[in-house]
Amino acid sequence: MIEVRGLTKSYGPHKAVDHISFSVRKGEVVGFLGPNGAGKTTTMRIITGFMPPTSGTASVAGFDVFENPLEVKRRIGYLPETPPLYGEMTVEDYLRFVARLKKVERSRIASLVERAIEKTQLGEVRKRLIQNLSKGYRQRVGISQALVSDPEVLILDEPTVGLDPRQVAEVRTLIAELKGHHTIILSTHILPEVQATCERIIIINRGKIVAEDSLESLGRRVSQSQAASRVFVRVGRASDDLKAQLQKIGGVRAVQLKDADRYEIDTDGSKEVAQAVAGVVVTSGVGLLELREEAFNLEDVFLKLTTSEESQLKEGALT
Amino acid sequence: MNGAFIIASKDLRNIFVSPLFYVVSGICSLIWFLLFSSRLADFIFQSSMQMMQSQGRESGGLPVHFYVIFPHLSMVNLIMIFAVSAFTMRLFTEEKRNRTFDLLLTAPVTSTEIVIGKLIAGVGTAWALLAIGALYPVSLAFFGAMDWGPFASSLLGLALLSAAYVAVGIFASSLTQSAVVAVVLALVFNVMLWFVGVLADRSSDATERTIIEHLNVGEHLQNFMKGNVSLSGVVFMLSLVFLFTFLTRQVVESARWR
């Protein structure tokens, strides 16, 4: 559905996007992840035909973004970082305007506007002026605007920014609902977001793709080099003796004492380790308050992938 | 071209919904009312004086077109320069400030359609204001003193000229993100159009003079007001509209490349 080949965008000597290539299949939900300024927005803007690349190509549904921008734009619903809203219009009028602008056939406009309003739950504010809406509602109008033309491809640039936790959850559910019907690319620097919504992640840093894979295999990739899970233990009183004992357990890779009473134990992921840890803590009599095991989450993957390169670069600069 | 009408209808709607149009046109009507009524009173006084002097002898009287309508329409023109700049300043700056320009640039419409849409909206607004200004002379028709020919040609000239002001204003608006800068630029450009005439007086060379006279907005408007609808006048005004619309299109298109 979306094909990106060797995409580069330079602003003077600075390369915002550096030779990026990836493809997205029809119906897929792909998360674009990276720290601020990594080049997510630039890449999305090129795909939407907002700006041309310095070199490389991008195509949507077989149409080249540069050769055939109008065909591409008809097939894309785009939510920019700042939702493009006309404050002096009502929600309904605005959505109708966007639908017309996106060249939706006349007969479908009314039903598509209804659908967009319903999907983003804007029913109660449909007759209100956009300028009087709260930030959360505005963001939803922005999402609604991207949906209203029923595009094949949805490109959402940080769709949950500025929403409260309940609304964030709603947007995620919405994206999950849209899965399959639309091909979706969404960008974020918030990790749980991709974990909750995406099937595949592209991690981008300093204009380059540093990782591209499904959630599980990304997790696995990191676990091969590092611990696969981490056991958190909180005890009544900590002791160095306990730390030494914990380190002796087979399968434990590292033990760290955090704060005064919490241990973080990196393990190889086998079930027995957590049991053994529990046993050691209980028999040592320090008073077990809490014990939980967590698989390594995306946050760790992300931090590892985006920071390791930076630290390498720093080291390189020093030597 | 469909995209142009969609954008135009959105902009027209937003202009007529916002209080700006009503405030500006209210102020304009007030100025026109004060000047028109004093002119008219003056005219009535003058013509009754003349009647007394001619003591019932048959005379043509003073031509109302030249004594009242002509100066009024010149005033309408002057005010249009300012009012049009005020309406057009927001057409692009607002889109850029609200980031809605992103929506237009990622919608399946061409840069030309965007600019033409803005032009239609701007011209529609300017002509609405012009219609208000034209009401004053029309009111004279109730007293049977109306000379429709020159009045119609003056209106045509003003309509074309205000379209040129709109094109200039939109161009200024496309250059910047700030409405204030846009309005100042628009005024400077529009006043510059008028200053071409000053050059004509300073020029000694005959050919140079004729060229400058052809570029003189004032000269062309005078002709329209006298009732001469000349092809060169119409073409001149339309080419001003075309020139600035073309320039705006280039600016919008270049925004896609930055």
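In what follows, chains are A, B, ... by sequence order, proteins preceding strands, each numbered from 1. Not measured: the values here are computed from a predicted model.
The local environment of CZ in B/Phe246 is sparse, with at most 12 non-hydrogen atoms from other residues, nucleotides or ligands closer than 6.0 Å. Within 6.0 Å of CZ in B/Arg99 there are 12 or fewer heavy atoms belonging to other residues, nucleotides or ligands.
Within residues 107-139 of chain A, no residue has any heavy atom less than 4.5 Å from a heavy atom of chain B. Scanning residues 54-84 of chain A against chain B with a 4.5 Å heavy-atom cutoff picks out A/Phe66, A/Leu70, A/Lys73, A/Arg74, A/Tyr78, A/Pro80, A/Thr82, A/Pro83, A/Pro84, ordered by number. Scanning residues 13-27 of chain A against chain B with a 4.5 Å heavy-atom cutoff picks out nothing at all. Residues of residues 92-104 of chain A lying under 4.5 angstrom from chain B, judged on non-hydrogen atoms, are A/Asp93, A/Tyr94, A/Phe97, A/Val98, A/Arg100, A/Leu101, A/Lys102, A/Lys103 by number.
When heavy atoms are compared at a cutoff of 4.5 Å, B/Glu94 does not approach chain A at all. For chain A, no part of B/Ser18 is nearby; none of its heavy atoms comes within less than 4.5 Å.
Of the listed residues B/Val17, B/Asp102, B/Asn98, B/Val109, the one with more heavy-atom pairs under 4.5 angstrom with chain A than any other is B/Asp102.
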